[in-house]
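Below is one structure, written out as structure tokens, with a few remarks after it.
Below, read A as the first sequence line, B as the second, and so on, with proteins coming before strands; counting in each chain starts at 1.
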Amino acid sequence: MQAVLNPPQEEAVEHIDGPLLILAGAGSGKTRVITCRVARLIEKGIPPYHILAITFTNKAAGEVRERVDDLIGYGSESVWVSTFHSLCVRILRQHIERIGYGTNFTIYDTEDQKRMVKEVIRFLNMDPKLYPERRLMAEISKAKEQFISPHEYDLQAQGDYRKMQTAKAYTEYQRRLHNNNALDFDDLLYKTVQLFQDCPDVLEQYQERFRYIMVDEYQDTNEIQFLLVRQLARKYRNLCVVGDDDQSIYKFRGANIKNILNFEQEYPEAKVIKLEQNYRSTGNILAAANEVIRHNQGRKEKTLWTAQEAGDLIQYKQYENEYQEAEQTAYQIRELQIRKNRNYRDFAILYRTNAQSRVLEEKLLMNNIPYKIYGGQNFYARLEVKDLLAYLKTIANGYDDVAVKRILNVPKRGIGATTTAKIDTYAMAQEISFLDALYQAENVPGIGKAAAKIQKFTDLISDLREILASGASISELFDEILERTGYKEALVTEHTEESMNRIENIEELRNKIVQYEEETEYPSLDELLEEIALIADIDSLNSSDDRVALMTIHSAKGLEFPYVFLCGMEERLFPSNMAICSEDADALEEERRLCYVGITRARERLFLSSARQRMMNGSSNYNMISRFVQEIPQELLDMGGYKKAVEREAAPKTSSHISEIFTAKPAYGKAFTVTRAERLEYQVGDRVKHMKFGNGIVEDIKSGGKDYEVTVDFENYGIKRMFASFAKLKKLEN
DNA sequence: CACAGGTCTCTTTTT
DNA sequence: GAGACCTGTG
């Protein structure tokens, strides 16, 4: 990390009034400039209260927050640092009544959204073959991103039958959200912009409050975010945006690269500053990144440079298949970790698609390398977690039909689809919520014996609400839910590997609730649910945890690691087949930008690899080496790879199980949560079971720092040393 | 009503 | 390879 600001950084920090565009290349000290600028503003006498910094992820917000606090100390807490989404939630909780919602609205995630869209399709008798929910969801989302209301959408759709149908679905979907007092992710932005448009007095209040606004990752803002920022900055025009057009990788999500490219048109008086000195990567890594991105048209001309030395060459290897790629990646990490005495957290394995993580995970697991997979299935999206959250949501907001329907028959209460449909019809006719209809079940025609079962459910909800109202904490309420529904007990009885995993997740959820209660002065169920709704997996990336990080390149944006492995450098995978086939030339350029982002995550060493043969969607593919590899000049690459890899494979002792590795069946597709073993359930001499290596006898247990190192003699694999927290050995009763 | 087993489709990235 | 959907059986 640099000691003093360089001249352009200094210039950016010094700029106080009026619009400012900072074009910050990868690793050019962007966060530093943002935080120093906040400090400078305050030094110049601007009250912290008037400063707003917007980021994309909670993680980035947390980082900025932390550094601002360090830099400023007293008063820093009134600087508002937040993501777009949480900023909007805070505003809406205050004022959403002005546009006809209740302030205790719930937030729907993608899955809730999907359930709702599905219902809409059925309700409107649309053909799900012609209108798959995925497409409808994408259409609706796209409309909202562009601030197009259902009505407007309908007007634009005239003459196009397809679009007219979509308009109907959009209208009905939005009507239902409103009835449920729920907002989806897109609504958070949409409704805020709408609020500001409809209520100029509210807007003015925030314009006065946020006189100095900064937006990070501006290249990834979409239309509605652009509109929101424009509204807020319109009065004082003290808007500072930071971004890098070369790192724009969210076009598929509506990001409009023009927001940054046309900033000077929107704000003609804007000052533009380029940060081109990279403080992160070695010369060779940076040279490779520059060469790759140079192949793109239509970018703002700039070239990153570094004062660092060239460093090692970039390694490129082609492997026979993805299993070998994964195995060798794991092997190299282990070697580097030992020989260079590095921590596991210094390594990241990045890939284009989440599907690639499974094989990598399997090989890391077999080599006893601790890892964590970020992204993919979010913790809060797991079935059991969502079920329990649905109970909490039902208790918090009885209008949330999606939550109520989710849990009505979970665990099984013998209430099936037929009964649900009858209740639904009744609710619709009476214009009441689904939960209220359940409370009136005896009035529902043809309900028969189901009425008694339903009453048991409504009694349960009433009881739980009572418990909360009488002053129980959220964690106490949570325990009551587990107890009274028998949810946990059912899993305990099931006693399969899967059910045990679910129990662990439930316990983790409980921990998060307790943690929330401990660190919040006035905990409330509404607030807890809101925080959870806005959490992304990547936010939990925690550098004190010594593990290799696995994630998509998208998730890695904004992060850096000493050692980076970019796997799957193959045509049709990266760049993706879709991008290659696309009519739109920019699709390929976006892939290239993504590659640029991937390369520039590396500080010291970069490893590229591809597989000759790879299973994709169930069938075998032979893909060519990615064009992005070819775009890196040969002199930057160390291609000696493949042969050496094979030689090394044979040499070390750890290779005893390599032949087994190639024939191993893929691991069951789920993320592993690794918890530190407090005390072990086994001791020396016990028979234990390992997920992969099967049965064995514990030879030795050593307490190494915060973990135990266990030596086990396996019946089929011989002696292995592993960390207890990771190996998850199960004691066997003989 | 619950569940098991079959067939079908569609494949990217996620705040 | 996974998820959605359908169908038949208990």
Name each donor-acceptor pair under 3.5 Å that joins a side chain in residues 116-125 of chain A to protein atoms two or more places apart or in another chain, with its distance.
| residue | atom | partner | partner atom | Å |
| --- | --- | --- | --- | --- |
| A:E119 | OE1 | A:R176 | NH1 | 3.0 |
| A:E119 | OE1 | A:K405 | NZ | 3.0 |
| A:E119 | OE2 | A:K405 | NZ | 3.1 |

Please tabulate, for side-chain N and O atoms in residues 448-455 of chain A, each donor-acceptor pair with protein atoms closer than 3.5 Å (sequence neighbours left out).
| residue | atom | partner | partner atom | Å |
| --- | --- | --- | --- | --- |
| A:K453 | NZ | A:G414 | O | 3.2 |

Between [X] and [Y], is any side-chain donor less than 3.5 angstrom from a side-chain acceptor?
X      : Y      : answer
A:S248 : A:E590 : no
A:Y516 : A:E531 : no
A:T221 : A:N259 : yes
A:S610 : A:E570 : no
A:Q219 : A:E217 : yes

Report, one pair per line, the protein and nucleotides 4-10 of chain C atoms (nitrogen or oxygen only) whose separation is under 3.5 Å.
none

Report, as a single string ordered 5' to 3', how protein heavy atoms within less than 4.0 Å touch nucleotides 1-6 of chain B: B base, S sugar-phosphate only, - not at all. SSS---

Before we go on, tell me: are the rings of A:F628 and A:H295 under 6.0 Å apart, centre to centre? no

is_close_aromatic(A:F252, A:H554), centroid dist under 6.0 Å: yes

Under the salt bridge (charged side-chain N to carboxylate O under 4.0 Å, His left out) test, residues paired with A:R601 that sit two or more places apart: none

Integer angstrom distance from the C1' of B:dT13 to that of C:dA4: 23 Å

I'd like a list of close polar pairs between nucleotides 9-13 of chain B and the protein, N/O only, cut-off under 3.5 Å.
| residue | atom | partner | partner atom | Å |
| --- | --- | --- | --- | --- |
| B:dT11 | O2 | A:N617 | OD1 | 3.3 |
| B:dT12 | O2 | A:R352 | NH1 | 2.6 |
| B:dT12 | O2 | A:R352 | NH2 | 2.2 |
| B:dT13 | OP1 | A:N354 | N | 2.9 |
| B:dT13 | OP1 | A:N354 | ND2 | 3.3 |
| B:dT13 | O4' | A:R352 | NH2 | 3.2 |
| B:dT13 | O2 | A:R352 | NH2 | 2.6 |
| B:dT13 | O2 | A:H554 | NE2 | 3.4 |

